[in-house]
Amino acid sequence: MSTNAKPYKETLNLPITKFDMKANLTVKEPLFQARWANQDLYGQIREARKGQEMRVLHDGPPYANGEIHMGHLLNKVLKDIVVRYLTMRGYDSPYVPGWDCHGLPIEHKVAKDLGSKAAGMAATEIRALCQVEAMKWVGIQRDQFKRLGVSGDWDHPYLTLDRRYEAGILDVLADLVEKGYVFRQLKPIHWDIHDRTALAEAELEYEEVTSPSVFVLFPFKTGMPSALGDGPWSAMIWTTTPWTLPANVAIAAHPNLDYVGVRFVDPTTGKTIQAVLAAALVDKVLSLRGITEVTEVARFKGAELESSTYQHVFLPRTGRLVMADYVSAEDGTGLVHTAPGHGAEDYMTGQKYGLPTLSPVDATGRFTDEAPDWLVGKGVFVANPEVVAKLEELGVLYHQMPLRHSYPHGWRSKKPVIFRATAQWFISVEHQGLRAQTLVAINGVRWLPSWGKSRIDAMVGGRPDWCISRQRAWGVPIPVLTCELTGYQHLTATSVRFYRDLFRNEGANAWYSRSVAELVPPDLDTTKYPVENLTKGTDILDVWFESGSSHRAVLDEPTYGLNRPAYLYLEGSDQHRGWFQSSILTSVAANGVAPFQTVLTHGFVVDEHGKKMAKSGGNAISAVKATEQYGADVLRLYVASMDYAEDVRMSEKGIKEASEAYRKIRNTFRYLLGNLEDYASFDPASFEVADLQEIDRWMLGQLNALIRDVTAAYETFDFYRASQRIYQFCSVDLSSFYLDVLKDRLYAEAAQGAERRAAQFVMAKLHETLVTMLAPIMPHTAEEIFDLTPRSATKPASVHLAYWPTPDPSFEDAELAARWDTLREARESILVALEGLRKEKEIGSAQEAAVAIVTSDAKLAQLLESNRATLLTICMVSDLVIVHRSGEDNQKLTVHASKSTHLKCERCWNYRQTVGGSARHPSLCDRCVRVLAAFTSEA
RNA sequence: GGGCGCAUAGCUCAGUUGGCUAGAGCGUACCCCUGAUAAGGGUAAGGUCCCAGGUUCGAGUCCUGGUGCGCCCA
């Protein structure tokens, strides 16, 4: 008999499964995706949840340009996890992905490809090329998002270039026009005087140039700080753009900086000069002309200058001193020449103080007749020396010198650009208290993390009016007709709605392709403004206005089947300034309420050192390549394992660690499936709960706790808590404990016996629960597992149609759980003792050992004694005795382990006293003899 | 320069209202098993809790100031 160990092995119930240990995700995932597409799983889910409470995660549209990167992956995977979870919880949670298709980067790309040809092309032609470019990337990104396993209505996404969407944008605009939010105002923008075109920040290239820098004395008129005493005093300003002096209306100082009034003698003219400038810059400025003798007359804070006025040096204009935080004592004089028509900061300050925005310069960079006579018709750069000469002539030029500095140039013309004020369209944030209303609406939204609220609060609270016009071709036109004779501009709610309907039928291209006569809206009086005098506006809307209108264009659009307000907006934290803000502003202005109930933000993907991940930085991991190499489920598990509220660190090492975690989870399922292979034929209705052993009940109690914890984590979008909890459960509670302990029962007991069936009952529960709770994170693997799940007749067609698990109250047992804590502690001590024996080469497996526990704690001894059989089982040792020694002071237990003196059962490998008790099976223990007897009779 | 954040073992995370001899899993090292086997089990080592002050009997936890990193703005 000693030679036929093999036949005994064949009487064991060893695991069998078709579920491969090797995931092979890169091959399998596309197959599952194809299958889901074929069976229209997304449609099935919609159908299954029809009529249930709706929870819409409204997709923020990524820009249709370039391949997806890790930031996209993070964002889309988080969204998909949310949507899948909500669906399993029974909500109707549709997901309509979108793309932001208009805007500068695409137009810029097209213009670059066209080169010099672009100049002569019609807007319609450029727009057609832009559309092709945008749609190309929509296609590419869509495939890449789908490859990540993101579930949604990919065949019907929303596109901002879609006719319906364009109409939606104008619908919002019409509301805002109707309510009086939209107005026109001058604003300085970057202007290329060579190409006669407006430029965006992204179209500027900075190059070194030499400019004439001048120090100019502007005489104070009134309100100077009293410490200065009697005048005359001058404010000394410094500028590198003398040509902007005709537009000077103010001088800016920093309120907290120290300023001084100094008296010195001009070494050339011998005249005494009294000038005010920043205290920190006096020595530097005077040394420019070698002046060493100086008297400080007074010293004061910049704030004291606020009420003073001055006389413009060559214009009959009184300017005023204003306060600005951007003023520094780094260079210049600490007093900044301010021309709101010729600078971005100047403009902001001008808005704050209600200063006029002067810009007496035409599109070619020549002074208009609003400028002084001696400048009219001259180009601004040509005029620089003339302005300097004039200053000198007037005796207000303290000093001049050439300065080498970086200056913006047009990307195409390569020529220096200027700031020039042009009329732009704005949305007033003060009109009808829009700012205040928005702040109230912000207060009613749930911001996650909570600091998101203070962030957007500060941004909305401090933002200026919203400039919504752009001088570009690729976007939705601001549909305004201008009468060239009178200058009248027609933009009314009626006209905008007229174009809305037109765009809905023909798209925004109609504005460019149709004649003016065809575009006359019903409320425009052509007797007053004859058609021949009308021209079409060439401005388009800011793309943030476009995407910010998605609550109207998408959520309110019946064809998408969504609703408003959205349950959730989920984007990176940069969108507090971007989409969240543009959305809530337009929504509050148009509808009076926020478009979302909850706003969840995530951080940015950074590298392993916490540095930003950038293509140019050489530290970027390609999302597309990583997916091809590791599989979407691994990356999804990786994303789900990190707290995205902060920056998300991603590295090759991290992905490898995620792969290991994935394999551990996968193997746990493989083991569950391997032992459930014959469970399909088992009727669970015939199962007696009473057959469950104590460890099984304990396990089901643990599973309840797991369900509760994981559900709570999903509810608060803390997926990392969920995935880590599940992972540790698989590793600690299952693999290294419960499933390990279960082996003896699963393998050695009778296949159909109550002992093994009880174990399988628990394993089936574990399997079913875990696969459901993991499905949002690893949808492909979950489906693969679900396919192989026993009792396939009653289960849904896909795990993604299943419902979220709930704890089973019948397995709540606090007494049992507490007792098991003690038992597991005892087990820990026993394992340490076994390791000692192993080191001494006394034993290999635990089964070879016999253990004695000694304790002076009577209660503990009693508890252990009454659970002796259980403890024996969970430690997998062959023998166990508990000794209570009352005299000793070892309160804790002591473990004595030794090699078992029993013989090894050839079938179950336990060392038992009963081995040899059967004549028929002399190498087996009594249990195996009993099982074999039944086995034989069954067969 | 300003606003909003973040900083605990190699990695990912725990550490309620200040009481910690700072925990978990993974990874690592070593060992066992060979009936989950490109698997499984065990044991162990690993931290001046970013730095410097302060409050307190006591601070990873509170305050102040730095440093580094991210987003947004200038």
Side-chain angles (χ1 to χ4, degrees), chain A residues 5-6 8-17 19-22 254 324-328 330 344-345 348 449-459 461-463 572-578 581 601-613 637-638 640-643 645-649 651 653-654 656-658 660-661 663-664 666-675 718 720-721 723-732 735-737 739-744 746-748 828 830-841 843-848 876 907-909:
Chain A
K6 205 173 176 187
Y8 281 135
K9 178 173 176 177
E10 279 164 12
T11 68
L12 293 170
N13 317 297
L14 295 177
I16 313 161
T17 178
F19 187 66
D20 290 335
M21 181 178 286
K22 186 165 165 24
H254 194 290
D325 288 336
Y326 54 81
V327 175
S328 80
E330 291 296 306
E345 289 179 331
M348 276 178 52
S450 56
W451 50 257
K453 181 165 176 268
S454 26
R455 198 171 150 96
I456 193 162
D457 234 33
M459 286 172 178
R463 71 156 299 148
S573 58
D574 55 335
Q575 299 304 330
H576 285 114
R577 173 152 295 273
Q581 197 187 154
T601 54
H602 56 78
F604 276 67
V605 176
V606 295
D607 71 11
E608 57 199 313
H609 307 294
K611 295 275 179 65
K612 96 162 87 175
M613 201 175 262
L637 181 61
Y638 189 23
S641 70
M642 293 181 288
D643 184 0
E646 301 167 24
D647 292 329
V648 172
R649 290 188 187 218
S651 62
K653 188 175 168 242
K656 291 205 171 78
E657 284 173 9
E660 303 243 2
R663 278 167 50 202
K664 181 72 182 186
R666 189 178 174 88
N667 265 316
T668 304
F669 277 108
R670 186 175 132 86
Y671 189 73
L672 291 173
L673 285 168
N675 288 289
D718 291 324
Y720 71 100
R721 289 179 191 271
S723 67
Q724 291 203 8
R725 181 72 167 81
I726 293 172
Y727 177 45
Q728 295 193 12
F729 182 82
C730 284
S731 180
V732 181
S735 188
S736 73
F737 182 62
L739 298 181
D740 204 33
V741 169
L742 232 47
K743 280 174 187 167
D744 182 72
L746 288 167
Y747 299 170
E828 295 290 307
I830 290 171
L831 292 181
V832 172
L834 293 184
E835 189 63 16
L837 273 192
R838 213 169 266 138
K839 277 277 182 313
E840 291 159 26
K841 300 288 176 196
I843 60 161
S845 73
Q847 288 159 319
E848 292 177 56
M876 294 179 282
R907 183 167 176 272
C908 71
W909 294 353

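Atoms considered below: every heavy atom in the structure, side chains included; atoms not considered: hydrogens, waters and symmetry mates. Below, chain A is the first sequence line, B the second, and so on; all start at residue 1.
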N/O contacts under 3.5 Å, protein versus nucleotides 60-62 of chain B?
none

Watson-Crick or G-U counterpart of [N], or none if no pair lies under 3.5 Å:
| N | result |
| --- | --- |
| B:A22 | none |
| B:A59 | none |
| B:C71 | B:G3 |
| B:U34 | none |
| B:A9 | none |
| B:A29 | B:U43 |
| B:U17 | none |
| B:C49 | none |

Side chain of [X] only, heavy atoms from C-beta on: which candidate in [options] is closest?
| X | options | value |
| --- | --- | --- |
| A:Val832 | B:G41, B:U43, B:G35 | B:U43 |
| A:Lys841 | B:G10, B:C32, B:U37 | B:C32 |
| A:Gln728 | B:C72, B:A24, B:U43 | B:A24 |
| A:Phe604 | B:A36, B:G70, B:G5 | B:G70 |
| A:Glu646 | B:A7, B:A36, B:U43 | B:A7 |
| A:Arg577 | B:C69, B:C73, B:C4 | B:C73 |
| A:Ser454 | B:C4, B:A39, B:U12 | B:C4 |
| A:Arg649 | B:U12, B:G40, B:C32 | B:U12 |

Tell whether A:Thr17 reaches the base of B:A36 with its side chain through a donor-acceptor pair below 3.5 angstrom.
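Flag unset: no donor-acceptor pair detected.
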Pairwise side-chain contact, [X] with [Y], heavy-atom cut-off 4.5 Å (strictly under):
| X | Y | value |
| --- | --- | --- |
| A:His602 | A:Glu646 | no |
| A:Leu739 | A:Tyr671 | yes |
| A:Tyr727 | A:Thr668 | no |

* To do: Return no unless some side-chain N or O of A:Tyr747 is found under 4.0 Å from OP1 or OP2 of B:A36.
  =>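 A:Tyr747 to B:A36 OP1/OP2: side-chain N or O found under 4.0 Å.
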Check: Is the distance from OP1 or OP2 of B:A39 to the nearest side-chain N or O of A:Arg663 less than 4.0 Å?
Finding: yes
Under a 3.5 Å distance rule, please check whether [X] uses its side chain to pair with a backbone N or O of [Y] as donor and acceptor.
| X | Y | result |
| --- | --- | --- |
| A:Ser723 | A:Ala640 | yes |
| A:Asp20 | A:Lys22 | no |
| A:Asp718 | A:Arg721 | no |

Here the distance between atom C1' of B:G42 and atom CD of A:Glu840, to the nearest Å, is 15 Å
Discussion item. Using the C1' atom as the point on both nucleotides, what is the distance between B:U43 and B:C33, in whole Å?
Written reply: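 Rounded to whole Å, the distance is 15 Å.
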Whichever of A:Arg907 and A:Glu660 has the more 5' nearest nucleotide on RNA chain B, that residue is A:Glu660
Residue pair A:Ala458/A:Tyr326 against RNA chain B: nearer the 5' end by closest nucleotide is A:Ala458
For A:Met613 and A:Val606, the nearest pair of non-hydrogen atoms, with its separation, is CE-O, 3.8 Å
